[in-house]
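Contents: one structure, followed by commentary.
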Amino acid sequence: AQTPDPAITELQPWMQYLGDGVDARPYGTPSKHEAHVIRRNVEWLTADPVSSVNFTPLHELDGIITPNGLCFERHHAGIAEVDPAAHRLMINGLVDKPLVFTMQDLMRFPRENRVYFLECAANSGMEWAGAQLNGCQYTHGMIHNVMYTGVPLRLLLEEAGVKTNGKWIMPEGADASAMTRSIPIEKAMDDCLVAFKMNGEALRPEQGYPVRLVVPGWEGNMWIKWLRRIEVGDQPWHHREETSKYTDLLDNGIARRFTWEMDAKSVITNPSPQAPILHSKGPTVLTGVAWSGRGTIPRVDVTLDGGKNWHQARMSGPSFDKSMHRFYFEFDWDGKPLLLQSRAHDSTGYVQPTKDELREIRGENSIYHNNGIQTWHVNERGEAENVEIS
Ligand code: MTE
Ligand code: CO
């Protein structure tokens with residue numbers, strides 16, 4: 001700062017007049033100085049915004065919770081504008097008594113609050129063939145981490161009474177895509193929620209208002225939004241989203257299927273291409289996020305030199321099962337170029353692989369389920385770029 005510093009010596013406008021009173025902003029929005037902190041899409045990725053995706057601005061966030069207005073969106077047929085009074089949830093198929101719930105009915109079941117990440121299986125998919133998109137928002141932003149309030153799906157299924165041959169469920173959305181997926185009954189009975197609140201308030205229309213399925217740790221496509229029906233069956237349905245989509249075509253022509261659990265993954269959010277280092281050499285804060293569909297993240301390693309030396313990062317914030325975790329690594333930057341990477345370890349002992357290690361097993365055809373290690377090159381000016389090293 002210059003001396004004397006006008007930020008200190010001059011009376012700033014916000015000290016010279018009274019501000020807005022209460023109620024001027026009955027539903028608050030961020031400061032106008034934060035107007036750049038928004039979801040963004042990549043226009044050439046999809047032909048039409050009604051069947052498209054935008055990305056969470058991970059490089060602008062801290063802690064572990066994604067604010068509701070910044071949760072990435074993925075719609076196959078646009079945002080359904082559902083009237084909760086006219087919305088019904090049906091359970092049918094292999095049950096003792098088919099049931100229909102109104103939203104009011106759902107509110108009469110015991111509810112739970114749990115924090116989970118939702119990651120689209122296509123997150124980082126564009127990076128499979130090599131470094132492509134310049135920003136962690138675009139390479140890793142098909143994820144959000146939210147506290148859900150909802151009724152355990154198990155309670156609703158027990159109310160209907162699943163027959164002994166009821167082995168699968170098929171949740172269906174009320175949007176124009178009528179999205180469906182097959183989910184094994186064990187998962188449905190274990191930790192799935194029929195959720196109506198996110199971060200304490202009603203779900204946003206973009207996220208499935210008034211009710212969505214929460215399938216902890218499993219790929220985002222299964223988290224049916226605008227949930228209208230759950231059919232119980234004795235085998236999977238083999239619908240579009242579990243055959244031609246969300247499967248991984250291997251080199252031998254055979255596709256991996258039913259790869260529901262999201263493997264452990266991490267990314268450095270700062271510095272990153274959209275968030276360069278803005279100061280010169282000296283004390284520098286590196287931070288990022290890590291998650292696993294199989295548990296917690298007890299440890300993240302960070303390298304500044306492309307993997308020659310690894311350092312254990314500092315975890316900070318709550319460590320919930322199948323939730324995002326926050327890590328930091330404070331270091332003294334010498335002003336020289338950096339090759340930054342992070343590597344997550346999850347509570348099962350699994351270690352995040354390199355992209356080359358993934359390609360060795362999965363071949364070159366994959367799009368989905370890319371949890372490989374991300375590299376950012378940082379130059380002397382602090383600018384970061386998406387690169388790959390082998
Ligand atoms: N549910 C319905 N009914 N329609 C959809 O298009 N998209 C799925 C899933 N559930 C979708 C849906 C996909 S592919 C993902 S990744 C997540 O919702 C995205 O959830 P979000 O929009 O809250 O980020
Ligand atoms: Co998806």
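We count ligands from 1, going down the list as the structure has it; atoms in each ligand are counted the same way. The first residue in the sequence is number 1, and the count goes up from there.
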Where on [X] is there a heavy atom closer than 4.0 Å to ligand 1, on the side chain, on the backbone, on both, or on neither?
X	value
F72	both
Y246	side chain
H144	side chain
D175	side chain
M222	neither

Quiz item: Taking atom types as modelled, is there a side-chain donor on N145 or T66 under 3.5 Å from an acceptor on the other?
Solution: no
What atoms in ligand 1 come closer than 4.0 Å to a heavy atom of [X]?
X	answer
H75	6 (O)
I224	1 (N), 10 (N)
E206	22 (O)
W223	9 (C), 10 (N), 18 (O)
L118	20 (O)
G173	3 (N)
G220	9 (C), 13 (C), 15 (C), 16 (S), 17 (C), 18 (O)
C120	16 (S)

Quiz item: Relative to atom 12 (C) of ligand 1, which among K225, M142, H76 owns the nearest non-hydrogen atom?
Solution: K225
Exercise. Only heavy atoms count here, so choose which of E73, R212, R74 is nearest to atom 23 (O) of ligand 1.
Key: R212
Practice problem: Take F55 and R40, measure what side-chain contact (heavy atoms from CB on, under 4.5 Å) needs, and give me the verdict at the end. | Solution: CA-CA 5 Å; F55 302 88; R40 290 174 196 277; 5.7 Å; no
Quiz item: Would N370 and N123 satisfy side-chain contact (heavy atoms from CB on, under 4.5 Å), going step by step from the backbone distance to the final call?
Solution: CA-CA 7 Å; N370 177 5; N123 199 20; over 6 Å; no
Exercise. Would you check if the side chain of Q274 reaches a backbone N or O of Q137 as a donor-acceptor pair within less than 3.5 Å?
Key: yes
Practice problem: Check whether any side-chain N or O of N134 sits under 3.5 Å from a backbone N or O of N386 as a donor-acceptor pair, and report yes or no. | Solution: yes
Exercise. Examine I268 and M315 and state if one hydrophobic cluster contains both, with Ile, Leu, Val, Met, Phe, Trp and Tyr joined whenever side-chain heavy atoms are less than 4.5 Å apart.
Key: yes
